[in-house]
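Here is the naming used below: chain letters follow the sequence lines, and residue numbers restart at 1 for every chain.
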Amino acid sequence: MKDRIATLLTRALETVRTRDQWPDELTADVEVENARDKAHGDFASNIALKMGKRAGYQPRDLAERLKAALPEDEAIAQVDIAGPGFINFFLARDWIARQARQAANDHRLGVPPAAQPDTVVVDYSSPNLAKEMHVGHLRSTIIGDAVVRTLEFLGHNVVRQNHVGDWGTQFGMLLAYLEEEKTAESDEQLASELSDLEQFYQAAKQRFDDDDAFAARARELVVSLQSGDDYCLQLWREFNRISLEHCFAVYERLGISLTRADVRGESAYNNELADIVEQLDRTELLTRSEGADCVFLDEFRTRDDEALPVIVRKADGGYLYATTDLAALRYRARTLDADRVLYFVDQRQGLHFQQVFRVARLAGFVNDTTELAHMGFGTMNGPDGRPFKTRSGGTVKLTDLLDEAEERAWRLVQAKNPELDEAELRRIAQVVGTGSIKYADLSKHRASDYIFDFDQMLSFEGNTAPYLLYAWTRVFSIFRKAGLNPDELDGDIRLDTEAETELAARLIQFGPVLEQVGERGLPHLLCNYLFDIAGLFSSFYEHCPVLSAEGEEQRQSRLQLARLTAGVLQQGLALLGISTLERM
RNA sequence: GCGCCUGUAGCUCAACCGGAUAGAGCAACGGCCUUCUAAGCCGUAGGUUGCAGGUUCAAGUCCUGCCAGGCGUACCA
């Protein structure tokens, strides 16, 4: 709709240009935005304010001329000039009603598929397989997954890349320990030890620190692993398989759409690393410094104000994560043919990505037209404002976090609705518990740090998962109560009241909101939108009788609004990776 | 030292790449269950957007300088 109004304004500008006077060189970039205040209509443009002076008009005068030159449009009921020269557009109610009616009867809820689908490579989750998934992996995993689902819904070709940490020196220690335990213990004992990767890692580290012979064996294994020794690779595969099982158990609980096919870890690029360095050398970007192969970029400085290198090969010949990321970038740009490559990685790696993106472009691994974006996010803090830790100061395992959320959700739902049987209660607690954790994270702007607070995220009031889930059950219960099939409604949508109009006008903005989420990687925009919808629906439901409406026409109209609301809420939550519940 | 990010109501968060009177939710206060719904709705109160300048018709948003906090800054990822 913004585009549509912008087009009208552009044509009006052309008319003014030919009919009145206008500086030859002056071109206008027409912007239309949603009006923030109902009194200002549905959309507003500041074009007259921006261009007035430069075109030689008083802003209000220009606005009047533009208004007079605007082509007719059935969607626009009224155009006002307001304030210093804003042009306010009021949508025609019957047009909103028709759009809403169409959306209500569309399985895509009125959201058109992208006219030009992009191939979007999304790097997210990417846990380190050496350790168990902890809260540090949560944000990348759920924000990335929400954006991925949104992009897919919009019709883009999405390639998920789970860039797991499956390589590096710590694997020597882990393999040495795995080897030792394999011979010392029965399979069952070993399996139970590996069931807690965190403990396994700690135990291996302990042995490494305490026993020189063990440490020597660990280093030996790193070397044979890197040289492709069969026995060593076998141990390595076994360890990774078990570690990945842990990851997927967490994904399953969290409702993450990643599959095994999306796993492409650091090790996948091992045999390309030498070539990356060679290519950098060939393009004359490479410099040898203190024994290491580096790329120096002027714009980055060290703490001593010297040029800061991107080290791609250490003095001992080893490669670093910059090298791996360059190889991954080349693969994504060339082999996967990405139009966009998005990284959902902690904000703290901002410098690293700036460097790697720059080097990749200089070296020609990535075209200038390919978008490379680090979608960084802030830290998850505890209620004290410090990074979220256990009472003893350790990292919190994701599985423990989910356990606690489900337990709390169970108690809450049980208290509110004691007649539910245990099986259903468990299922509800699972959706509410994990959904609350996800929603609490997704509803905040990803760039900022946020405070993790169980009580707040599990509240049934405010911008939370329980509130939205309950809002959906309320809408859904209308149909259940009346024994109606939502797919068998008929007739037009009529917007008789303010509550209906506001709800409908917001419902038909689902598409533009999703586009923003996909473009900017900001799922909180969708959360805010859904919260809006839920509030507008509550208000509508309070003021507009649905089942007991006056007459069949009004009843059908309101049922269709309810149906569209249910559809948008359910689809929106699904894009956030949260499923709805018929009862709770 | 340099660079990046953050600073908005008592608390938790918004503000659509410069717009109109800075918005929600909690907490506080006041109303509404003989009418599908109260896990809800309607309303009141709450602000010098860290501070000081600047650019602009217009600044929470852009620029400069301070203050406070977080993070990063050569062979970990």
Peer 1: Assess whether one donor atom and one acceptor atom, taken from the side chain of A:Asn46 and the base of B:G19, lie less than 3.5 Å apart.
Peer 2: yes
Peer 1: Counting just side-chain N and O atoms, does A:Ser448 come under 4.0 Å of either OP1 or OP2 of B:A14?
Peer 2: yes
Peer 1: Considering every strand and a 4.0 Å limit on heavy-atom distances, what is the contact class for A:Cys527: base, sugar-phosphate, or nothing?
Peer 2: nothing
Peer 1: Which glycosidic conformation, syn or anti, is assigned to B:C32 if syn requires a torsion within 90° of zero?
Peer 2: anti
Peer 1: Write down the partner of B:A39 under the Watson-Crick or G-U wobble criteria, each distance required to be under 3.5 Å.
Peer 2: none
Peer 1: Does a side-chain N or O of A:Lys50 approach OP1 or OP2 of B:G19 to a distance below 4.0 Å, or not?
Peer 2: no
Peer 1: Would you please confirm or rule out a distance under 4.0 Å between OP1 or OP2 of B:C41 and any side-chain N or O of A:Ser538?
Peer 2: yes
Peer 1: So which nucleotide does B:C16 pair with, by the Watson-Crick or G-U wobble rule with both distances under 3.5 Å?
Peer 2: none
Peer 1: Ring centres within less than 5.5 Å and planes less than 30° apart: is that true of A:Phe460 and B:A39 in this structure?
Peer 2: no
Peer 1: If you pin A:Glu542 and A:Pro309 to their nearest nucleotides in RNA chain B, which one's is more 5'?
Peer 2: A:Glu542
Peer 1: Tell me what A:Lys2 touches on the nucleic acid: a base, only sugar-phosphate, or nothing, going by heavy atoms under 4.0 Å.
Peer 2: base
Peer 1: So, does A:Tyr470 get its side chain near the phosphate of B:A38, meaning an N or O under 4.0 Å from OP1 or OP2?
Peer 2: yes
Peer 1: Suppose we define a pair by two distances each less than 3.5 Å, Watson-Crick or G-U wobble; what does B:G1 pair with here?
Peer 2: B:U73
Peer 1: Quick one: label A:Ala44 by what it contacts on the DNA or RNA (base, sugar-phosphate, nothing), any heavy atom closer than 4.0 Å.
Peer 2: base
Peer 1: Examine the side chains of A:Asn381 and A:Tyr450 and answer whether a donor and an acceptor come within less than 3.5 Å of each other.
Peer 2: no
Peer 1: In whole Å, measure the gap between the C1' atoms of B:C66 and B:C26 for me.
Peer 2: 35 Å
Peer 1: Both distances under 3.5 Å, Watson-Crick or G-U wobble: report the partner of B:U64, or none.
Peer 2: B:A52
Peer 1: Have a look at A:Thr473 and say if it touches a base, only the backbone sugar-phosphate, or nothing, with a 4.0 Å heavy-atom cut-off.
Peer 2: nothing
Peer 1: If you measure from the P atom in B:A39 to the same atom in B:A27, how many Å do you get, rounded?
Peer 2: 14 Å
Peer 1: Quote, to the nearest angstrom, the P distance that separates B:G19 from B:A59.
Peer 2: 11 Å
Peer 1: I'd like to know if A:Asn34 reaches the base of B:A15 with its side chain such that a donor and an acceptor end up less than 3.5 angstrom apart.
Peer 2: no
Peer 1: Regarding A:Arg520, tell me which of base, sugar-phosphate or nothing describes its non-hydrogen contacts under 4.0 Å with the strands shown.
Peer 2: sugar-phosphate
Peer 1: Does a donor on one side chain sit under 3.5 Å from an acceptor on the other, for A:Ser267 and A:Asp166?
Peer 2: yes
Peer 1: Hey, is A:His40 stacking on B:A20? Ring centres under 5.5 Å, planes under 30°.
Peer 2: yes
Peer 1: Looking only at side-chain N and O atoms, does A:His524 come under 4.0 Å of OP1 or OP2 in B:A15?
Peer 2: yes
Peer 1: In whole Å, what separates the C1' atom of B:U48 from that of B:C5?
Peer 2: 25 Å
Peer 1: Hey, is A:Phe300 stacking on B:G3? Ring centres under 5.5 Å, planes under 30°.
Peer 2: no
